[in-house]
Amino acid sequence: MALPSIVKVAEELNIAFDPKNKTNRKELRAVCPFCGQSHKYHLSLNPDLNVYKCWHCKASGGVLQLEAEITGKSFVEVKLKYFGNKRKNPLHLAEKLSPRQLDVIGWLEVKRNDQEKFKRSFNQIIRDWQQHVYEQRKLAFAKLLLVEVGKDYSMIVNLIQDQSEMAYISTLLDDVMQMYSSNVWSEEWAYEGEYLANSAIDVAKNANDHNELIYLVMLRHETLFLHEQGYAQAL
Ligand SMILES: [Zn+2]
């Protein structure tokens, strides 16, 4: 099955075409859905190549991306809509990450600019994503443990939800709640989270204040920094 026609997709998405377009032209002009004011036809659609480009805001891409950007669906979702699930090779985990998830681990630019490198790097991308999830769970778990020294429970839950949104890990709160309520902490991040929480509690005790949350974030950045510098062994 071929890609859907970009002109047809644009019509379905209610993009307004320039009434002066001729049907047999190589390029059709329309109002840009990303920057556009009505009656300014900055968006150029190329039916032969099935691509779009806005001469004003420089948005550009293929037909599937156009639909994904406008509807808010993920690229993979739009692809499935037209091609179903019949591929020989199932999608690699790295291909299931959304653009925003790729962005937080620093791979979005590569995906957009260097498809070949992106494909070669699937395993590294997944390792980076798992590392990101690990660090975020550790931090969220440490926050949760501060409830035990008197931090307000619903405030902590709100903080973890904010963190979940910023990290693009929708299950973050569930992940740490489940771990907390299980008898055995079966993951390393839970123990590291506990260590982080206890360190923050110690610092607050010594400083004789109640800024455990601030110390938590500070300590985390410090260990991340040392980790990046290769000093992790010294800790
Ligand atoms: Zn535009």
Side-chain angles (χ1 to χ4, degrees), residues 1-87 89 91-122 124-126 128-129 132-133 136 161-172:
M1 199 168 127
L3 284 167
S5 136
I6 198 161
V7 177
K8 220 175 133 223
V9 168
E11 279 168 358
E12 281 165 10
L13 294 169
N14 291 321
I15 289 176
F17 285 89
D18 186 342
K20 284 179 287 186
N21 281 327
K22 305 221 171 60
T23 42
N24 59 352
R25 277 178 57 182
K26 282 202 175 303
E27 180 203 38
L28 297 174
R29 287 301 188 111
V31 174
C32 175
F34 307 107
C35 71
Q37 307 121 317
S38 46
H39 309 297
K40 292 241 166 98
Y41 302 101
H42 293 303
L43 188 74
S44 156
L45 300 171
N46 181 321
D48 292 335
L49 298 174
N50 238 8
V51 296
Y52 67 93
K53 182 184 174 86
C54 172
W55 299 106
H56 186 65
C57 72
K58 310 291 180 210
S60 67
V63 57
L64 298 182
Q65 191 171 353
L66 180 68
E67 180 163 338
E69 297 277 356
I70 293 178
T71 59
K73 290 180 188 163
S74 74
F75 185 80
V76 173
E77 226 178 311
V78 175
K79 208 163 160 187
L80 281 176
K81 177 182 153 190
Y82 291 104
F83 294 97
N85 222 342
K86 290 179 220 132
R87 11 185 321 149
N89 307 315
L91 280 182
H92 191 280
L93 280 173
E95 293 170 282
K96 291 186 181 166
L97 294 175
S98 72
R100 294 206 160 109
Q101 288 174 325
L102 286 171
D103 200 24
V104 290
I105 56 170
W107 280 100
L108 183 62
E109 287 302 303
V110 175
K111 186 184 183 185
R112 294 215 160 135
N113 299 326
D114 192 345
Q115 275 290 323
E116 286 308 309
K117 182 176 176 192
F118 183 71
K119 283 179 186 156
R120 282 197 312 273
S121 309
F122 278 171
Q124 185 59 46
I125 292 167
I126 288 306
D128 289 354
W129 176 252
H132 169 70
V133 172
Q136 294 296 322
Q161 270 164 343
D162 289 348
Q163 186 191 335
S164 157
E165 276 171 34
M166 283 191 293
Y168 298 102
I169 305 170
S170 57
T171 59
L172 189 61

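Keep in mind that this is a model prediction, so the values were computed, not measured. When a ligand or atom number is given, it counts from 1 through the structure's own listing order.
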Quiz item: Is His42 close enough that one of its N/O/S atoms sits under 2.8 Å from the Zn ion (ligand 1)?
Solution: no
Exercise. Sort out for me which residue in Asn46, Val51, Asn50 forms a side-chain contact (heavy atoms from CB on, under 4.5 Å) with Asp48.
Key: Asn46
Quiz item: Can you name the closest pair of heavy atoms from Phe17 and Val7 and give their distance?
Solution: CZ-O, 3.9 Å
Quiz item: How far apart are the closest heavy atoms of Leu64 and Lys79, and which atoms are they?
Solution: CD1-CG, 3.9 Å
Quiz prompt | Closest non-hydrogen atom pair, Val63 against Ile6 | solution = CG2-CA, 3.7 Å
Exercise. To 10°, measure the SG(Cys35)-the Zn ion (ligand 1)-SG(Cys57) angle for me.
Key: 110°
Quiz item: So, is His56 placed with an N/O/S atom under 2.8 Å from the Zn ion (ligand 1), counting both backbone and side chain?
Solution: no
